[in-house]
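To keep things clear, I will list the structure first and then write my remarks on it.
Lettering of chains follows the sequences in order, A, B, ..., and the numbering in each one begins at 1. What you see below is based on every heavy atom in this structure, not just the backbone, and it leaves out hydrogens, waters and symmetry mates.
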Amino acid sequence: MTENPLDLLPELLILLGAVAGLLTGLFLPRHRQWIAAWICGLALTGATVTTALVMKNPDMMAFAAYAVDSLTNVTRATVAVATLLVIILTTGWARGHRRETEVYTLLLLAALGTVLMAGADDLLVLVAAYLLASIPAYALAGFGKDAPGTEAALKYYLMGAFLGVLMLAGVTLVYGTAGATAYPGLHAPVVGVILLLAGLLFKAGGVPAHFWVPDVTEGASRPVAAFVTTVPKIGALVALFRLSGAVFDEPALIAVLAVATMTLGNLAAFHQDNVRRLLAYSTISQAGYLLVPVAMAGRTGLASTALLYYVAAYAITNLGAFAVVVSLGSDRLGDYAGLARRSPWAAFALVVCLLGLIGTPPTGVFVGKLLVFAAAWDGGYAWLAVVVAVNTVASVFYYLRWIRPVFAGEGDGGSARGWLAPVIAVASVVFGLAGGIVLLVLR
Amino acid sequence: MLDIVIFLPLVAAALLPVIPRGKAAGWVWVGVAALDLALVVAMWAGYEGGIGYETRLRWMPSVGAGYHVGVDGLSLPLIAMTALLFLVCAVYSLGETTRAYAALFLFLQTVSIGLFAALDLLLFFVFFDLSIVGMYFVIVGWGHGDRTRSALKFFLYTFLDSLALLLGFIGLYLGAEPHTFDMVDLTTNPPKAGALVLLAIGVGLAIKTPTVPVHTWLPPAHTDAPATGSAILAGVLLKMGTYGFARIAMPMLPQVWREYAWVIIVIGVTGVLYGALVALAQENLKRLIAYTSVNHMGYIVLALGAAGLSAPTQARELAVSGAVTQMVSHGLLTGALFLIIGILWDRAQSYEISKFGGMPPVLTGLMAVAAFGSLGIPGLSGFVAEFQIFTGVIGSGAVISGALGIVGILITAALFLRVLHRAFLGRPGELTVLVTDVRPRELAAIAPLLILSLIIGIAPRWLLDLIEPASAAIVNLVSR
């Protein structure tokens, strides 16, 4: 155990970036608020670099309540990179907005909360991190102050507050029965487990706490939708993994939740004509796949690798798909007809990312899925691997519904510019091809 | 050198966008495909037995997966057949080729050759899955009729089979000690894996092959694909299933394979008879050819199943050798058949048998040779393959299955003669006026396939010399 604040340097850098960005923004004229974006971007880059430097250090515990190990480090890096990409996506939409700086600050604070959730090794830290990850996200959802955004924010907030209270009750219950809140040696009763799951499943977008996902994804602005479907679930799933390995051992319960989540997400995505709702249900089904390694925590050595690889690959790929949606600026499936003619690069990015979400090799998600299969099989839950496989085939249907019109015929849905989407698409493939190197880092 | 053969088409595909629009793309495609074929021929000439042209690089060492490729007597004939088939497709499409179309086929060529050369399960799977994606875009982009539906059906079925296959691979991986995806290591030390793993792999490969009752994706996909797409789908992609049986299922799960050999034989015989009977009932020429593929793949499955029986080694070696020869022969002949049928669609936009008849002479001649080859007349490659298969199967003790298989040949003969009578000879049909005779580029594409089939039929020794050691090795491995 140490009490050296420098062990938390990446977290501190993100916090510093948020505060410095906000303060700078206060004194900048509206047309120069982009400087705040640069400050936040630099802070995230700094967090990534400092994480990379300590990646190979031995596991340790900071302040007796915060684990610094490969789980935390990979979460730090993934969240920082994903948030950086979201900030780049946001700049186009927020440029010149009256409260431009606040968007970046809120994004950074929500990202910080997500990282803290992943590292928390004490239930009280987990609750604090949950609130830090949630509250800025509510504000972001309603940032546009339009009717759909307000509705989204309200739904998001009400569900988050309700499930957060349940989680807090769970913490109280566990503390009451076990007399401690630190994970090591803690054992939670089943009721406590269920209450704790409520809050974490909300953040992960898992059944039965998934109702906010489609509404927020559709109602909030597009870059915010990209953020809330990608980043918070990283921290929530890693936190669940930590709990599932240490505080409770309910593989069957989590396996059932995983099956419900992936199946429901897939079935609901089938006939969506709004691509944001489609991506929202797709993100629910992906959360289901990600719950599989969580259920296998402690049962096989592959579980943590599978979770971290999948979540990182998924974050990149999902942001790639959203980047195309942001750059085209349309949610109607029909507007993507003939995109290959108008904007070949965006079409390329979209197809690579959607095929990646299916899990087509050699993209990153494929390697993640492979590890998920192997973890389930190795953990004695081969049937779960079969369910994931069947669900993956079902998911092909709706992803192809989106891919097909891109190449078919003519359309006048406007053209998509921007270099970000193709770059992310290439990165998602490289992430799979360079799987050997990534896996070495994860071990 | 093998790596160049695999990735040359992909590199060419990546460079195609810089080539000006127009006819240049078609010629570049022909050039690249010809160069690739020349390299394969050179490889064949320099092959010295065992695993040749091997490359082994680390890819994901922590999960025991690597980039491992090489050729042997099982894969080299298929690679050569693949390279030839892609070249004739390039020639066939000359003048109508767009850059995207050429790029897609070059991509498919890399994927197909890579699959046959892969010696790592994960690498095999990567190519297997990418072949599905490539073919989906061929059908959906350049098909006709109800192509989106057919393409979707194709994608869903074959993606399901790829995931079953992946689960099976993971079963093999976890059963091996130490865990590895390397095919050579897995073959040397067969993993501890039970019938469930064979079931997963078997389902995966059976859908791709396809065998009855999981063949239903095949007829619509073939009917609505463009002619070259059908030729590649039937000629190359279907072989991925049967090749997987011989390369993965048999050597890595020898005990389970022997235990369930009779199940595989029954599946094979069902495919033979069902495919032939359903083909007999077709009025759509392309669907008919598609169903004969089910029938021909049935022979291969039957032969591979017989290799798992406890019988004299010689007979079983003959069966496997026949199966591999059949893979090559079917690739050549069905490729030719689909390209010929493609000419009918090109001229008259129809596949209805009843609307044709009294066709131009060269077209009829080509069709006659391909049909006779496909029904197994001596002198063409189909006979060499099927003779070995039946001698081997009956010699292995599966007499009834062998006899039922020969009934399948009779039905096939009947249906091909019926096609020749009704659609090519006799009185002209209502669409015959539209059908002009074969164009030079079409002849240049179809003739080499038939000539090669004829050469194999008359002097098969050069091919069998390559295949026989490999089939002996497979029989040896499956008998452990």
Where does Val386(A) contact chain B at under 4.5 Å (heavy atoms): side chain, backbone, both or neither?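 Val386(A) touches chain B through backbone and side-chain heavy atoms alike.
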
For Phe366(A), which atoms come within 4.5 Å of any heavy atom of chain B: side chain, backbone, both, or neither?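 Answer is side chain: those atoms of Phe366(A) sit under 4.5 Å from chain B.
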
Sequence-distant partners of Arg99(B), salt bridge (charged side-chain N to carboxylate O under 4.0 Å, His left out), two or more places apart: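 Here no residue qualifies.
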
Asp59(A): what forms a salt bridge (charged side-chain N to carboxylate O under 4.0 Å, His left out) with it, not counting sequence neighbours?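 Salt bridge (charged side-chain N to carboxylate O under 4.0 Å, His left out) check on Asp59(A) returns nothing, list empty.
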
Inspect the surroundings of CD in Gln255(B) and state if more than 12 heavy atoms from other residues, nucleotides or ligands are less than 6.0 Å away.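 Check fails, neighbour count at 12 or below.
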
Using a cut-off of 6.0 Å, state whether more than 12 heavy atoms not belonging to Ile437(A) lie near its atom CD1.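 No, the 6.0 Å shell around CD1 holds no more than 12 heavy atoms from other groups.
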
Going by residue number, which parts of residues 214-225 of chain B are within reach of chain A, meaning a heavy-atom gap below 4.5 Å?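 Listed by number: none.
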
Of the listed residues ([options]), which shares the most heavy-atom pairs with chain B below a 4.5 Å separation?
{"options": "Ala340(A), Ala389(A), Pro361(A)", "answer": "Pro361(A)"}
{"options": "Thr392(A), Leu370(A), Thr360(A)", "answer": "Leu370(A)"}
{"options": "Gly435(A), Ala376(A), Pro344(A), Ala434(A)", "answer": "Gly435(A)"}

Is [X] close to chain A through its backbone or its side chain, or both, or neither, when contacts mean heavy atoms under 4.5 Å?
{"X": "Val126(B)", "value": "both"}
{"X": "Leu167(B)", "value": "both"}
{"X": "Phe159(B)", "value": "both"}
{"X": "Leu160(B)", "value": "both"}

Output the option from Thr148(B), Leu196(B), Ile132(B) having the highest count of non-hydrogen pairs under 4.5 Å with chain A.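 Answer, by heavy-atom pair count under 4.5 Å with chain A: Thr148(B).
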
Close side-chain approach of Phe137(B) to Ile403(A), heavy-atom, < 4.5 Å: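 In short, these two side chains touch, coming nearer than 4.5 Å.
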
Report yes if the side chains of Asp129(B) and Pro362(A) come closer than 4.5 Å at any heavy-atom pair, otherwise no.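 Heavy-atom side-chain distance check fails, nothing below 4.5 Å.
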
Does the pair Tyr67(B) and Leu433(A) meet the rule for a side-chain contact (heavy atoms from CB on, under 4.5 Å), with working shown? CA-CA 11 Å; Tyr67(B) 171 80; Leu433(A) 289 177; over 6 Å; no

Intermediate values then yes/no, side-chain contact (heavy atoms from CB on, under 4.5 Å), Val140(B) and Phe407(A): CA-CA 9 Å; Val140(B) 94; Phe407(A) 292 96; 5.8 Å; no

Pairs meeting criterion side-chain hydrogen bond (donor to acceptor under 3.5 Å, both in side chains) with involvement of residues 109-128 of chain B, two or more places apart: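 Of all non-adjacent pairs touching residues 109-128 of chain B, those that pass side-chain hydrogen bond (donor to acceptor under 3.5 Å, both in side chains) are Asp36(B)-Gln109(B).
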
Exercise: identify the closest heavy-atom pair between Pro61(B) and Gly436(A):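 Shortest heavy-atom separation between Pro61(B) and Gly436(A) comes out as CD-CA, 4.2 Å.
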
Could you check Trp377(A) against Tyr173(B) for side-chain contact (heavy atoms from CB on, under 4.5 Å), going step by step and ending with a plain yes or no? CA-CA 11 Å; Trp377(A) 188 308; Tyr173(B) 166 76; over 6 Å; no

At what distance, to the nearest 0.5 angstrom, does NZ of Lys369(A) lie from CG of Leu166(B)?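 One gets 10.0 Å once the value is rounded to the nearest 0.5 Å.
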
